Peer 1: 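There's a structure below that I have some questions on.
Note that the coordinates shown come from a computational prediction; the quantities given were computed from them, not determined experimentally. Every chain is numbered from 1, with letters handed out A, B, ... down the list of sequences. Below, each value reflects all heavy atoms present in this structure, side chains not excepted, and no hydrogens, waters or symmetry copies.
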There are 2 protein chains.
Amino acid sequence: MSRLLKQQQALLPAPAHELAAQMAEAGYKVTQPRLAVLRAAVALDKAFTVHELEQWLLQRNESPGIASIFRTVKLLCDLELFQRIHGLEDCHRYSISGGHAHHLICVSCGALKSFDNCGLRDLITTLEQQTGYHINDHVLELFGRCPRCLAV
Amino acid sequence: MSRLLKQQQALLPAPAHELAAQMAEAGYKVTQPRLAVLRAAVALDKAFTVHELEQWLLQRNESPGIASIFRTVKLLCDLELFQRIHGLEDCHRYSISGGHAHHLICVSCGALKSFDNCGLRDLITTLEQQTGYHINDHVLELFGRCPRCLAV
DNA sequence: TTTATATTGAGATATTGTATCAACACTACC
DNA sequence: GGTAGTGTTGATACAATATCTCAATATAAA
C-alpha cells in the first residue's frame, strides 16, 4: 500500500504535496484520508467549510468518514497549516494558512487573499500604554468584494 | 405586574437600565427574562458565554428558559447592544457592545476593554490598491493579559 | 514477519444554537 | 371591566459543528 501512496503523492499539485511533506516532518503519517482532505482544500481554493470539503470528496467517491475530515482539519490547524477564518456571520470556515495570519475575504464568492503585514504595531503599543495589558496575539479579518464580483 | 416591573427597573444598575431603555426605544418589551439577561451581562463584567449568563442566573433562581436567553442575546446582538467576540479558541462569547467594534481581551480572566479607533484606514487603502477588492468591513480582536493577571 | 503504534470509521455524545407551538401576558379597543 | 390582537415565554424538537469511544485496520520499526 505504501507504494500506492507514493504514486499518488507524486501526482499531487504542488501545494498539497508540500503540506503533506510538512505533516510528515511533524511526525504524522500521510494517509489516504489526510491526503484527500489536503487535495480538497487546495482544489476549493477559497475559505472552505468542513461540509464543503466533504461534498467535494463525496462527488469524487473518495470521502473519508466525516470524523476523519474534522480530525484532519483540526490537526492541520494545530500544525498551523490550516487556519480558522473569523467571518462576519459565523466562524466555521478554514483556509490553507501559508504561515500568514490575516485574510481579505470576498463576502460574495468566498475568494481569499492572505497577508502578513497587518500594520498593527503602533495600535498595539498605544493600547498597551493606555490599558496596562500585555498584548501578544490578535485576530484580523477584512471583508469586501473581489474584483470579479465587483465587475458583475 | 407592570408596577412590579417598574419597581425593579428603578433598582437596576445604570448600564442595564440604559440597555433596557434602548430595547424599549427599538420597540421591544422590557420583560423580566430580558431584564435578567441584561443584569447578568452587566454583572459578569467581561466577555461572557450564554452558559455563563445561565449559571449566574441559576445561582439567583431567576433564570429564564435557555431558549429565552439565546433569543435575548440574539436580539441584543441584532440591536447592536451586544456583540459577538471572535476568540482565539472559539467564537461563543459576547460582550456589551457600547457601540464599539473592537476588543482587547485578557486570555486569563476574560476582562475586556473596548475601543473604536482601530487605525486600519491606511492598511485598508493599501490592500484595496494591491488587490482590487473593495473592503467594507472587518473583524479585529486583540488578546493578552490584563494588569491584574500580569501581577499574579 | 512480528510487534507496537497511529489512524480510521461508525456511532454516540457534546455544544451551540434555531424552530415550533401551545400557554401566557400585555395593549388597545369597545 | 371584558375581549381581541400581538408579542413573549418555556419546553421540546431539531439542526449544525465538532469531539469522544472503541473495535478494526493500516503503517512503521524491529
Peer 1: side-chain contact (heavy atoms from CB on, under 4.5 Å) with A/Leu76: which of A/Phe82, A/Tyr94, A/Tyr28?
Peer 2: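 Only one option passes, and that is A/Phe82.
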Peer 1: Rounded to the nearest Å, what distance is computed from the CD atom of residue A/Glu52 to the C1' atom of nucleotide D/dA16?
Peer 2: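 In whole Å, D/dA16 C1' and A/Glu52 CD are 14 Å from each other.
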Peer 1: Starting from P on D/dA18, measure out to CG on A/Leu53 and report it in whole angstrom.
Peer 2: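 My rounded result for the distance is 11 Å.
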Peer 1: Mapping A/Arg71 and A/Cys91 to their closest nucleotides on DNA chain D, which lands nearer the 5' end?
Peer 2: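 Going by which nucleotide is closer to the 5' end, it is A/Cys91.
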Peer 1: Let me spell it out: for each of A/Tyr28 and A/Ile66, pick the nucleotide of DNA chain C with the closest heavy atom. Which residue's pick is nearer the 5' end?
Peer 2: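 Going by which nucleotide is closer to the 5' end, it is A/Tyr28.
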Peer 1: Mind listing the closest non-hydrogen atom pair of B/Ala20 and B/Leu35 along with its distance?
Peer 2: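 Looking at all heavy atoms of both residues, the shortest contact is CB-CD2, 4.2 Å.
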Peer 1: Could you walk me through whether B/His86 and B/His103 pass ring-ring contact (aromatic ring centres under 6.0 Å, His included), step by step?
Peer 2: CA-CA 9 Å; B/His86 297 268; B/His103 306 99; 9.2 Å; no
Peer 1: Specify the separation, in whole Å, of atom CE of A/Met23 and atom C1' of D/dT27.
Peer 2: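 To the nearest whole Å, that distance equals 13 Å.
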Peer 1: Quick one: B/Leu75 CG to C/dG17 P, roughly how many Å, whole number?
Peer 2: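 About 15 Å, once rounded to whole Å.
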Peer 1: Given that A/Ala67 and A/Thr49 both sit by DNA chain D, which one's nearest nucleotide is further toward the 5' end?
Peer 2: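 Result of the comparison: A/Thr49.
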Peer 1: Considering every strand and a 4.0 Å limit on heavy-atom distances, what is the contact class for A/Arg93: base, sugar-phosphate, or nothing?
Peer 2: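 Counting heavy atoms under 4.0 Å across all strands, no contact is made by A/Arg93.
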Peer 1: Is any side-chain N or O of A/Thr31 closer than 4.0 Å to OP1 or OP2 of C/dT7?
Peer 2: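 Answer no for this pair, as no side-chain N or O of A/Thr31 is under 4.0 Å from OP1 or OP2.
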Peer 1: Between B/Lys46 and B/Cys109, is the side-chain contact (heavy atoms from CB on, under 4.5 Å) condition met? List the steps.
Peer 2: CA-CA 8 Å; B/Lys46 59 164 196 154; B/Cys109 73; over 6 Å; no
Peer 1: Please determine if a side-chain N or O atom of A/Tyr94 lies less than 4.0 Å away from the OP1 or OP2 oxygen of D/dT17.
Peer 2: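 So the side chain of A/Tyr94 is outside the cut-off, no N or O lying under 4.0 Å from OP1 or OP2 of D/dT17.
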Peer 1: Taking CG from A/Leu57 and P from C/dT8, how many angstroms apart are they, rounded to a whole number?
Peer 2: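 The answer, rounded to whole Å, is 13 Å.
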Peer 1: Just the rounded figure in Å: distance from P of C/dT18 to NE2 of A/His92.
Peer 2: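 Result: 10 Å.
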Peer 1: Rounded to the nearest angstrom, tell me the gap between atom NZ in A/Lys29 and atom P in C/dA4.
Peer 2: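 About 14 Å, once rounded to whole Å.
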Peer 1: Take the protein atom CZ of A/Phe70 and the nucleotide atom C1' of C/dG9, then report the distance between them rounded to whole Å.
Peer 2: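 Rounded to whole Å, this separation is 15 Å.
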Peer 1: Quick one: closest heavy-atom pair of A/Leu140 and A/Cys118, and the distance?
Peer 2: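 For A/Leu140 and A/Cys118, the tightest heavy-atom pair comes out as CD2-CB, 3.8 Å.
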